[in-house]
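Proteins get letters first, then strands, A, B, ... in listed order; numbering begins at 1 in each.
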Amino acid sequence: MTRALVLLLALLVSLPSVTRGQVVTLAGPTDVFAEDVPDDIGGQVLVKWSLSSEDHLAADGSRPINGYAIYRKVVPSALALESGAEAAAGPGELGFADDFDYEANQPVGTVPYSVSQFLDENVEPDVAYMYGIAATGPGGTYSPVSSAAAPVIAKMEYINQGKLWFFIIMMIISIVIVYFVFYAKRGGKIKVRPIAGLEAVTEAVGRSTEMGKPVLFVPGILDINDIQTVAGITVLSNVARTAAQYDAELKVPTARSLVMTTARETVEAAYLGEGRPDAYNEDNIYYLTDEQFGYTAGVQGAMVREKPAACFYMGAFYAESLILAETANSIGAIQIAGTAMPSQLPFFVAACDYTLIGEEFFAASAYLSNDPEQLGSLKGQDLGKVIAAFLLILGCLLATLATVVPASKPIRVAELYIKNNVLGEDGLVPNELKIAVLDGELNRLMEADQDAQPAIQEGGN
Amino acid sequence: MAKAYTPGLLVTQHKKHRIMRRLPIAGEVRVQEGDQVSADNIVAETNLPGDVHPINLANQMSLPPADVVSCMLKKEGEPIALDEPLAQSKGLFGMFKTIVHSRFEGTVETVSPVTGQVIVRGAPLPVQVRAYISGKVVSVAPGEGCEIETDVAYVQGIFGVGGETHGTIRVVGTSHDQDLTPDLVTPDMEGCIVIGGARMTIEAIKKAQEIKVAAIISGGIDDQDLKQLLGYDLGVAITGREELGITVIVTEGFGEISMAERTFAMLHDFEGQDASVNGATQIRAGVMRPEIIVPLNSPPASDKNKKFEEGQLETGRQLRVIRDPWFGMIGTVSGLPTEPHVLGSGSKARVLEVTFPSGEKAIVPRANVELIEE
Amino acid sequence: MTKIDPDQIKVILATDCGSTTTKAILIQYVDGEYRQTHRGEAPTTVEKPFADVTMGVVNSVTEIGELAGRQLVGDDGRIITPATDTAGCDIYISTSSAGGGLQMMVAGVIAEMTAASAKRAALGAGSIVMDVIAANDGRRPHDQIQRIRDLRPDMILISGGTDGGTADKVVQISELVAPAKPQPRFGSDYSMPIIYAGNKDARDAVSEVFSEGGFDLQIVDNLRPVLERENLGPARDKIHDIFLEHVMAQAPGYDKLMGWTGAPIMPTPGAVGDILQTVARIQDINVVGVDIGGATTDVFSVFDKTFNRTVSANLGMSYSISNVCAEATMPNVLRWVPFDMNERELRNHVKNKMIRPTTIPQTKEALMFEQAVAREALRLAYKQHKEFATTLKGVQQQRTVGDTFSQQTSGQTIVNNMALDLLVASGGVLSHAPRMHQTAMMLIDAFEPEGVTMLAKDSIFMMPHLGVLSSVHAKAAEQVFDRDCLVYLGTSVCAAGQPKPGKLCFKYELTGDKTDSGEITGGEMSLLPLDQGETGTITLSPARGINLGEGPGKKVQRTVHGGTVGLILDGRGRPLALPEDRSSCQSTVQKWLNALEVYVEEAQAVGV
C-alpha cells in the first residue's frame, strides 16, 4: 500500500520532466491526407493516414505507439489554393517544421492506436488548414510530424447531395399538398372516407339534448404537450359547436390544469362562433386531479351521478380506458372514443359505440373543419404514405429476391440503391465504393458458383 | 258535351270590380261605407305584435331557472329600454352581483321559471292597408277591412312579379308585336306604368328599375331574363312578395310572344290614365293572376251584348293556343269533334279544330287552348 | 257509426273528394270475390258558388248509379244505406284532399330525432308538413317565431324529449309557438289545435304555456318515449280526430258528409299509405308507391313492415315543373332525351307549362321531354324519401371487437331497392302515358330497382278508396287492389353492380308460360314477352361482381309475373350511369328506348 503511494508520488513528480523531454524516436504515420467533408456547412475536415510501421504489439507485449496526435495550422489560403491546384509543391514551407514543439502546440485531437482517421469538427469554412499527424508513444515519445500532402479548405455546400432523395420525396409531397390545397380552394371535391365516429357526434349530442342529460368529454390524462391531447381538443371544439347548436350541456373534466385552460378557451370560442355565448358556462370545464386513478374515480362518479347521455374519450388513455367505457356503457350512454394508444384501442372498440383509431383520430380536424388547407395536406400526406408503403413493399421484394438469387447484379444493385440512396444518404448516384464491394462479393459468388456449377446443373436436369 | 269549359284570361273594357281590403290581424278601419277613396288612401291600419326576443337569463347569470323570477328587475308587462338592467343576481353577501342588461327594446312579455327564459317583445309594427284602386267603399267589416267597388277596365296577365302599385299608363312602341327594348324607356317615365308590345328584354327592365318606373307590362319575357331579374330560377309560380322596386307583368307567356292585339289596343286607349296593377301570381288551387285595373271615370253607357256565354267553347270563338307547336297563335274555333283524337304524342284527347288568320287549320287538344274573353 | 260485420258487406261505395274532381267507385261482391264494378266522376264542389262538398259526391254517385242500374242516392239526396237487392250500398266511405288537404306544422327538440318522428307521424297521417321547427334547425328564435307566424297550418304537432328526458327544451319550443299566435287556415272563429306528444314530465308546463291565447291543446302519449323506439300511433290517431272535428268541419258540406260515411273520412294520402301497408302485410312484401301530381310528389314505402311517406312539396309535373328543372338542372333532364333540343326554347316551354299547368303535350318530342322531366322529379323525390326513411337516430350501438373497421352510424336508410318486390305508380304522367312501356321505363330509370321487381300502376287512382276500405274490410280492399286497382306492367330484372359495357352481365333462362334463354351484356336492355296473367320461372346466372338478389355472382331463381309490358331485363348496372358526352348519351338512350319499344312509331320519325 505504502509502496504504491510512493510510486504514485514519484510518478507525479517525474511527469513534467518526462513530457518536457520530447523524445522523437517513433516512426511516423505516412500518406497523410486531409479532405473536406462533403455536403456540410463547411465545419468539418476528415484526416486520414496510414498507420505507423510500429503501430502493433511489440514482442514483449508492450505497445510502442499509444496513439496519434493531430495538429493543424492555418496557412494563407492563396498559397493553399496554389499548392492545392498544383499539388506538386509538397509540404515545403507549408509543412510542419522539423523542430516542431509538441508541447507548445496543442493537438486538435488525439486518437488511440490502430485508428487511421480523424474527423475535425471544429474548423472554420473557407480557411486553409495544414494537417500534420504525429504518433505518440509512452514516456513522451513522438514521431516526426507527417504533413498532409496538401492543405485543405472546408467549404460550405448549399445542397446536401446525400439527402437528395429525401428532398425529392419531400418536394413531391409538398407540391401535391399545395396542389390539393388550391384544388380544394377552387371548389374541387376532396373525398374523405366518412368516419362513423365523427358523423355520430351530432347524434350523440342530440341524444343528450333529447334526454335532458349532459355531454361528457374526457380529453385523456396526458398534458397539452401530447399530440393526442391536442387532437382531442380539436374534436372538443367540434363537439362544443354541436352542443351549442343543439343546446346541450357540455362537461369537460380534465386531469391537467393546462388542458383545462385550453379546453375552456376552445369551448368558449365554439359557443361564440355559434352565436350562443350565453349558453357557455365556464364551470362545466373543470380540473379534477393529476392522479391517474383519482381522476378516473372522479369522472366515474360524475357518470354515475349525472348519467350523461353521450361520452367522448378523445386523447391519451391508459388503464382507465375500460373502467370509463364500461361505466358509461352501464348507464346507457352513446360513447365515442378516439386514441392512438394501440393497447387501449381494443377496449374502446368493444365498449364504445364508435372508435376513432390512430390515424382517423389525427385526421379528425381536417375532416371536421372541411378547411381546404387541412384537407389538401391530408391528401398530400396520404400520398406520402403511399410512397412510403410503395418503397417498403419494393424494398421487401428486392431483399427477398436478393436472397433467392444472390448472384443477380441488377437486383443487388437495386436493393443497394433503395437501402443506401433512397432511404440512406448516398445521394442520387450509387456509391462507387459500395458497388465495388458488391462487385467483389459477386465475383466471389461467381467463382463459388462455377465450382458448384456441375452439381447445380445436374440437379437442374 | 258540345260545349267545354276552358277558362281564359279576362280582358274587358268594362266591369264592376269589387275588391276586399283586409288586415292581416284585427285592427282599425279608417273609412266608412259610401266614402270615395283614391288608390293612395289608407283604408285600415293595425299594429302587428312586435318581434320576439328570447333571452336565456338562467345561463347568463348561472342560476337555476326557478331562481330567475326572483332576480328580475322588470316584471312581466313592464317596458324596457335598450341596455336597461333587466335582472340582477343576489350575489354573495350582497357582493359580486351580476347585472344583465337588455339587448332589446320592448316589453317583458313572459318570464319562464321552467327554462329561465325571458321573452322581450319589441315595439309593435304598424301595418297600413291602402285602397289600391280608386272607388267607393261599399261595405265595412269592422276591425277587418272594407270592400271597394268601382267601374274599371280590367286586364288579367298570365304571370307577374312584384306587388301592388299604381301609376299613369304610358304605352311605348307602335305595335303589339314590337319588343320592349331599353331605348323605349325614357327618364320621364318615373312612377308610370310602361306598356310594351312583345318580349321585354332584361336591359329594358333594368333601365326601368333605375328610373323608378312603377310597373312594366308586355307580352312576353325570356326565362333567362326573369332569372337574371330575380337572381334565382323561379321554381313555383307563387309571386308577389319580391322586392324589386318594380312590378313586372307579362300578358301572354314566356319567350318571343306579342301581346294580344286587342289588349294592346285597349291599353293604348287608356294612355295617360291612372291605373292600379298587381303582379302577384299564384298558380295553385285558388289561382291568382296578375291584374291591370284602370278605373273608369264614366262607365260606358251599356255593355256590348255578349255574343257568347262566358267560358264556353263554341265554334267561332277566338282563342289562343297555349302549347307548342302553335304556341301563342290566335285563331278561331272552326270545329269541335266530339270523339277523342290520337295526338302525335300517342295519347288520346279531346280536340278542336282551329283556323288561324292565315287560313291554316290545325287540330289542337282542348286542354291546350285558352279562350279570349270578350 | 255502427259495428260492421265484414261478411254482410256486399256493396261498397267509396268516394275521394280531390281538389278538382270527386271520384266514386262501386265495389260489389261478385262470384265469391270483391270486384270494382263501376266508377263515376264529377267536379268537386267545395268552393264557391256551390260550397257544399256533398253536391259533387251526389253527382258522382248518381253517375255510378246510372251505370250500375242501381239507385244509390235517395230522394232525400242522401246515399242509401244499407243495401237492398236493387238499391243502396252496405257501406259508404270517403277520403278528402279538397282545399289543399291537411296542412300541419310540426316541432321537436332535435331535427333528426323527435322532430323527425313528429314529421313521420304527420306525414303518415296524410298531412302536408309545411315546416319543421327544432332547437337545432339553425334558425334564430325570432326567425322561428316569424316563420310560425307566417304559416297558417291546420294544426300543430309538438313533440320533444324522451319520457323523463328534457323538459325545458320542449317548454322552450312551446314558448316559441305560443307568442307567435299562429292563425288557423280556415276561419278565425276556432282555436288552433295543438297536439302535444312529447316528454310526459313536461305536460303540465306545456299546458301552462298554452293556457291562454286561444289554443286547443290536446295531449297524447309521447311519440318517442325512448330514443330507441317510436310510438306514432296515438299522435296519428289524434291528427285524424282533429282533422275530422276541426279542419273538415270548417270545410263546407263536410259535416253533412261525415254523417253519411260508415268509417271516418281520411286524408287522401293517409288512405293511400294504409292500403299499401295492408297489401305489404297480407302479401308479406316490400312495396314502394309513388303518386306524382302537378305540384307535389308523394312517395310511400313499406320495408320490413316499416311504413314511411314523404311529400316532395315542389316536385311535380305542372305547377312545379320549373322547380324540377331548376333542382335537377337542365343537363340532367336532357340526358333522357335522345335528340337535340334548343335549351332556351325549352326553358321558356317549361315556364309556360308552369303558368298554364293544364296543357298536355301534343307532339312526341314534347311528350318525351315531359317524361324526361318526370324521371328527374321521381328520382329526386325518391332520393328525398331515402334520406327520410331511416332507422332511428340517437340510438346506442352494441359493438364487438369485430366491428373495428366496419362501424356504421345509425340512421341509415331502410330503403333497399334489392329487397323491393312491388313498385306502384300513380299520377297523371305515369298512369296516363300513351304507352305502358313509357310508364315502366320511367319507373326503372327513376327508381333504379335492383333484382326482380314487379311494376304496376294504379289504373284509375283507386288507392285512396281502398285505403279507407282496408280499415273496415281489409280482405275486400286487398282483393280489389290486386284485381282491379293495379294494372301490372310486368317484372323488371335489373343487375346491380357495374357490368363492363359489351361484356356478359347475366345469363337468363325462362320457363313456364313462355320459354326463352339468352344473355344480357353490360349496358343492354331487353324486353321479353310475358303477358298479363302469365307467370314463369327465371333462372339468372350473373357475371362476377353482378348482383341479382342473392349476392354478387350468385345464381338466382325467381317466379316472374307478366303484364302489359312484359319481362324487362336490364343490364345497365346500378347506380345507373349515363354517358357524359351528349351525343353518345343520345345514342345510348335511343338504344334503350328501342329495346323496350318505348316510343314505337317515332323511332322512324325521330331517328333520322
request  = Run the numbers on Met211(A) and Thr166(C) for side chain to side chain contact (heavy atoms under 4.5 Å, CB included), then give the verdict.
outcome  = CA-CA 5 Å; Met211(A) 294 178 68; Thr166(C) 181; over 6 Å; no

Tell me if the [atom1] atom of [X] is crowded by more than 12 foreign heavy atoms within 6.0 Å.
X         : atom1 : answer
Glu343(C) : CD    : yes
Lys385(A) : NZ    : yes
Glu208(C) : CD    : no

Contact leader toward chain A among Gly138(C), Gly164(C), Gly161(C), where contacts are heavy-atom pairs under 4.5 Å =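 The residue among Gly138(C), Gly164(C), Gly161(C) with the greatest pair count is Gly161(C).
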
task = Against chain A, label Val395(C) side chain, backbone, both or neither, depending on which of its atoms sit under 4.5 Å from a heavy atom there.
result =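 For Val395(C), the backbone is the part near chain A, not the side chain.
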
ask   = For the side chain of Lys169(C) and the backbone of Asp247(A), is there at least one donor-acceptor N/O pair under 3.5 Å apart?
value =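 Looks like yes, one N/O pair under 3.5 Å.
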
inquiry  = Within this structure, what is the CD1-CG distance for the pair Ile334(A) and Leu227(C), rounded to the nearest 0.5 Å?
reply    =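 Result: 8.0 Å between the selected atoms.
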
inquiry  = Quick check on the structure: residues of residues 311-329 of chain A within a heavy-atom distance below 4.5 Å of chain C, by number.
reply    =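 Near chain C, by residue number: Asn329(A).
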
key: Qualifying residues under side-chain hydrogen bond (donor to acceptor under 3.5 Å, both in side chains), relative to Asn281(A), sequence neighbours excluded   =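 side-chain hydrogen bond (donor to acceptor under 3.5 Å, both in side chains) list for Asn281(A), sorted by chain: empty.
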
task = Would you mind telling me which of Ser208(A), Pro194(A), Ala333(A), Ala244(A) has the largest number of heavy-atom pairs within less than 4.5 Å of chain C?
result =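 Going by pairs under 4.5 Å, I would pick Ala333(A).
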
ask   = Looking at Asp353(A), Val349(A), Ile195(A), which makes the most heavy-atom pairs under 4.5 Å with chain C?
value =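 Of the candidates given, the most pairs with chain C belong to Asp353(A).
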
Would you tabulate the side-chain donor-acceptor contacts of residues 109-116 of chain C under 3.5 Å, counting partners in other chains and residues two or more places apart, or write 'none'?
residue   : atom : partner   : partner atom : Å
Glu112(C) : OE1  : Tyr246(A) : OH           : 3.3
Glu112(C) : OE1  : Asn136(C) : ND2          : 3.4
Thr114(C) : OG1  : Glu210(A) : OE1          : 3.1
Thr114(C) : OG1  : Glu210(A) : OE2          : 2.2
Thr114(C) : OG1  : Val109(C) : N            : 3.1

key: Contact origin within Ala350(A) toward chain C - heavy atom pairs under 4.5 Å   =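 Both backbone and side chain.
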
key: Phe388(C): ring pair (Phe, Tyr, Trp, His ring centres under 6.0 Å) partners, not counting sequence neighbours   =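 Residues passing ring pair (Phe, Tyr, Trp, His ring centres under 6.0 Å) with Phe388(C): none at all.
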
